Amino acid sequence: VLGSKAVDEDAIEELEASLLQADLGPALASEVIGRVRERARKDGLDGEGLRGAVREALRAAFPPAGGPPAVGAGPRVSLVVGVNGGGKTTTVAKLAARERLAGRSVILVAADTFRAAAIDQLATWAGRAGVELVKQREGADPSAVVFDALRAARQRKIDTVLVDTAGRLHTKSNLMAELGKMSRVAAREVPGAPHDVLLVVDATTGQNGLSQAQEFTRAAGITGVVLTKLDGTAKGGVALAIHRQLGVPIRYVGVGEGLDDLLDFDPDAYVDGLVG
Amino acid sequence: SLSERMQGIFRSLSGQVRINESVLSDALREIRVALLEADVHVGVVRALLERVRAKALGEEVLRSLSPAQMVVKIVRDELTDLLGEGEPGRLKFASRPPSVMLLVGLQGSGKTTTAAKLGLWLKGSGRYPLLVPADVYRPAAIEQLVRVGKSVGLKVLEHAGDLDPVAIARNGVLEARRSGYDTVLVDTAGRLHIDDALMDELGRVRSAVEPVEILFVADAMTGQDAVRSAGEFHRALGLTGIVLTKLDGDARGGAALSIRHATGVPIKFVGVGERPSEFEPFHPDRMVGRILG
Ligand SMILES: Nc1nc2c(ncn2[C@@H]2O[C@H](COP(=O)(O)OP(=O)(O)OP(=O)(O)O)[C@@H](O)[C@H]2O)c(=O)[nH]1
Ligand SMILES: Nc1nc2c(ncn2[C@@H]2O[C@H](COP(=O)(O)OP(=O)(O)OP(=O)(O)O)[C@@H](O)[C@H]2O)c(=O)[nH]1
Ligand SMILES: [Mg+2]
Ligand SMILES: [Mg+2]
């Protein structure tokens with residue numbers, strides 16, 4: 001009889017537990033397991049076969065990597081955004097170091113004018129990365145800092161502008177509006193800017209990551225995700241849920257606190273981590 | 001909401017006096033999804049539901065409640081029992097001052113901000129706290145604590161470029177004794193529970209200053225990893241309390257249950273904003289309502 005092979009329910013349950021523990025969330029985990037169970041009935045899959053089927057189902061969620069879209073005239077402008085403490089400042093420094101390594105001129109923009117010592121923190125990183133920092137005093141309007149930086153970058157024909165923003169919870173409408181304003185100010189100064197809006201998501205984040213991505217998309221349009229702290233034990237499964245729901249690519253992963261601890265997103269390595 | 005989902009499942013039970021197995025299984029499945037969506041750890045969910053099942057099958061349906069209300073009540077009571085034990089807002093103090101308290105946790109969870117908040121809280125209850133910036137790794141970490149401490153009139157230990165957190169913590173205690181501060185709050189660097197060298201360093205800080213409180217500062221949006229990270233920190237140091245931060249967001253906060261279940265350590269305070277005043281004792285019943293959605 002077609003499609004009536006016995007299914008190893010214990011193995012399936014174990015795989016579902018792995019996906020849940022990886023923060024895939026119950027909806028996505030049950031969808032993936034459901035499809036794998038169907039396949040198992042048809043093809044008679046055992047332990048390793050089941051694991052492989054789960055891996056394939058997850059891997060299929062990621063299309064082949066497209067490079068970032070080309071930029072017209074003027075600097076490529078990237079905004080780095082996200083909730084508090086996710087790793088934005090550290091990530092923006094890592095990105096600056098990469099630009100420098102790739103032989104492109106780059107300036108960092110200290111647009112977190114709110115949090116204590118945020119500008120000092122980025123200034124230290126700029127020094128270590130050997131890149132220039134545009135900043136104003138604490139308490140200045142972040143959009144004004146962005147504006148000044150872009151004006152200078154255009155005049156000096158700088159290749160890349162990387163903007164560090166203040167951490168903000170997506171539930172705070174005034175802070176989300178501020179982000180929208182920064183984006184519009186950038187667009188007025190450099191047509192097509194911001195070319196990237198990277199949402200920094202901490203790999204330890206649970207299902208709230210989805211709500212973060214939805215709100216940040218509404219406020220400023222997310223073009224990519226950076227999944228940080230993947231050097232810990234968390235697997236960052238919520239990033240897959242974000243990608244599935246919003247179609248936004250995971251561009252980079254943070255794997256440590258040093259300047260070169262940033263990797264291009266590798267879907268195979270990521271999926272291996274989810275399946276365990 | 002969970003109550004509405006339960007109403008649907010228990011419609012078939014109207015008029016019955018006991019809750020039957022098969023309808024209960026449907027209800028438990030629904031509760032399981034709700035708790036997983038709220039980021040409660042998969043193993044903790046399993047343990048909780050087992051207790052709920054046992055209680056639900058053993059009870060007569062109270063005349064005043066529908067079967068659905070009964071099950072929701074049992075779930076609510078189980079969660080509240082788990083979270084409510086131990087006294088929120090209550091800190092231990094040393095019989096001979098200064099009382100030393102360490103703030104520990106993963107990177108970015110809110111330790112530095114919480115150190116200032118706790119200092120302000122203690123100052124408000126008539127104590128004299130000294131903030132000690134023992135994070136020598138993160139760029140401008142010391143400056144961050146100095147600035148936020150100053151903003152609320154708290155004294156921050158000055159150290160002349162010392163690079164050893166153990167020495168800094170010790171100097172904090174010496175300064176407290178010298179100048180009459182009765183509490184010493186040590187802000188430590190964020191670290192991974194799997195970083196042996198840094199976990200050992202924290203152990204050495206603990207041995208050097210014998211804290212009465214070791215507070216694990218955890219982000220309310222943490223997912224399944226909460227059990228692992230809190231468990232390892234507890235195993236390594238013996239935590240005395242949890243501070244859950246960023247509760248002003250909309251994370252359901254299931255990590256609270258996971259951490260409590262995994263370590264048995266009480267949640268003492270919550271952070272509800274970036275300002276030093278946005279800090280309050282933990283309310284277990286409010287947390288349960290938030291988790292159940
Ligand atoms: N282990 C690890 N730690 C990281 C990683 N990325 C950032 N961190 C650490 O996370 C902490 C917070 O990083 P920040 O860059 O200050 O985070 P942020 O998002 O800018 O924080 P706010 O501006 O306060 O919202 C720091 O201790 C960083 O060193 C990573 O990939 N791995
Ligand atoms: N909205 C909100 N933000 C918070 C809360 N607690 C801390 N933050 C923010 O979270 C970010 C990280 O806080 P820090 O105090 O730097 O965290 P940390 O644990 O000291 O970070 P590391 O030292 O790098 O490990 C900052 O932007 C804080 O303002 C809170 O309760 N609510
Ligand atoms: Mg920052
Ligand atoms: Mg800190």
Side-chain angles (χ1 to χ4, degrees), chain A residues 16-27 29-30 83-90 93 114-128 138 166-172 202-212 215 228-229 231-238 256-257, chain B residues 32-43 45-46 106-113 116 137-151 189-195 218-229 232 245-246 248-255 273-274:
Chain A
E16 184 172 34
S18 283
L19 296 185
L20 288 170
Q21 286 200 40
D23 287 310
L24 220 65
S30 104
V83 302
N84 307 72
K88 298 174 293 299
T89 304
T90 312
F114 170 72
R115 205 210 68 212
I119 298 172
D120 301 63
Q121 183 187 7
L122 192 57
T124 304
W125 278 120
R128 289 185 191 177
E138 200 173 289
R168 67 200 70 221
L169 292 185
H170 51 292
T171 44
K172 314 218 162 159
D202 189 322
T204 63
T205 309
Q207 296 312 295
N208 194 247
L210 270 164
S211 158
Q212 293 173 22
E215 290 309 312
T228 59
K229 309 179 196 173
D231 47 318
T233 51
K235 306 301 182 215
V238 76
E257 303 188 68
Chain B
R32 178 174 178 271
V33 172
L35 292 177
L36 289 173
E37 281 172 358
D39 293 323
V40 183
H41 187 267
V42 107
V45 172
R46 193 176 307 135
L106 298 177
Q107 290 91 345
S109 63
K111 298 173 293 298
T112 303
T113 309
Y137 303 105
R138 169 172 157 155
I142 295 167
E143 192 54 28
Q144 185 186 359
L145 189 64
V146 166
R147 297 243 186 102
V148 67
K150 270 212 183 97
S151 76
R191 67 202 65 215
L192 295 176
H193 44 291
I194 52 172
D195 185 329
D219 196 320
M221 66 181 96
T222 310
Q224 299 286 309
D225 197 54
V227 160
R228 179 97 189 254
S229 53
E232 301 267 335
T245 62
K246 308 176 201 171
D248 45 318
D250 61 359
R252 299 267 290 277
E274 294 195 70

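Quantities reported herein were computed from a predicted structural model and do not represent experimental measurements. A note on names: the letters A, B, ... follow the listed sequences, proteins ahead of strands, and every chain is numbered from 1.
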Quick one: side chain to side chain donor-acceptor pair (under 3.5 Å) partners of A:N84, sequence neighbours excluded? B:E274
Is chain A contacted by the side chain of B:D248, its backbone, both, or neither, given a heavy-atom distance below 4.5 Å? both
Looking only at non-hydrogen atoms, find the nearest pair between B:Q224 and A:L20 and report the distance. CG-O, 3.1 Å
Sort B:V42 into side chain, backbone, both or neither according to what part of it lies under 4.5 angstrom from a heavy atom of chain A. side chain
Is A:K235 close to chain B through its backbone or its side chain, or both, or neither, when contacts mean heavy atoms under 4.5 Å? neither
Chain A heavy atoms under 4.5 Å from B:L192: which part of the residue, side chain, backbone, both or neither? side chain
Taking atom types as modelled, is there a side-chain donor on B:D250 or A:S211 under 3.5 Å from an acceptor on the other? yes
Residue, of A:T233, A:V238, A:V83, A:L169, that accumulates the most heavy atom pairs under 4.5 Å with chain B: A:T233
At a heavy-atom distance under 4.5 Å, which candidate from A:T124, A:T171, A:T228 has the highest pair count against chain B? A:T171
side-chain contact (heavy atoms from CB on, under 4.5 Å) evaluation trace for B:E143 with A:Q121: CA-CA 9 Å; B:E143 192 54 28; A:Q121 183 187 7; over 6 Å; no
With a 4.5 angstrom heavy-atom cut-off, which part of A:E138 approaches chain B: side chain, backbone, both or neither? side chain
Closest-packed option against chain B by number of heavy-atom pairs under 4.5 Å, given A:D231, A:L210, A:D202, A:D23: A:D23
Where do A:G85 and B:K246 come nearest, in terms of heavy atoms and distance? CA-NZ, 4.2 Å
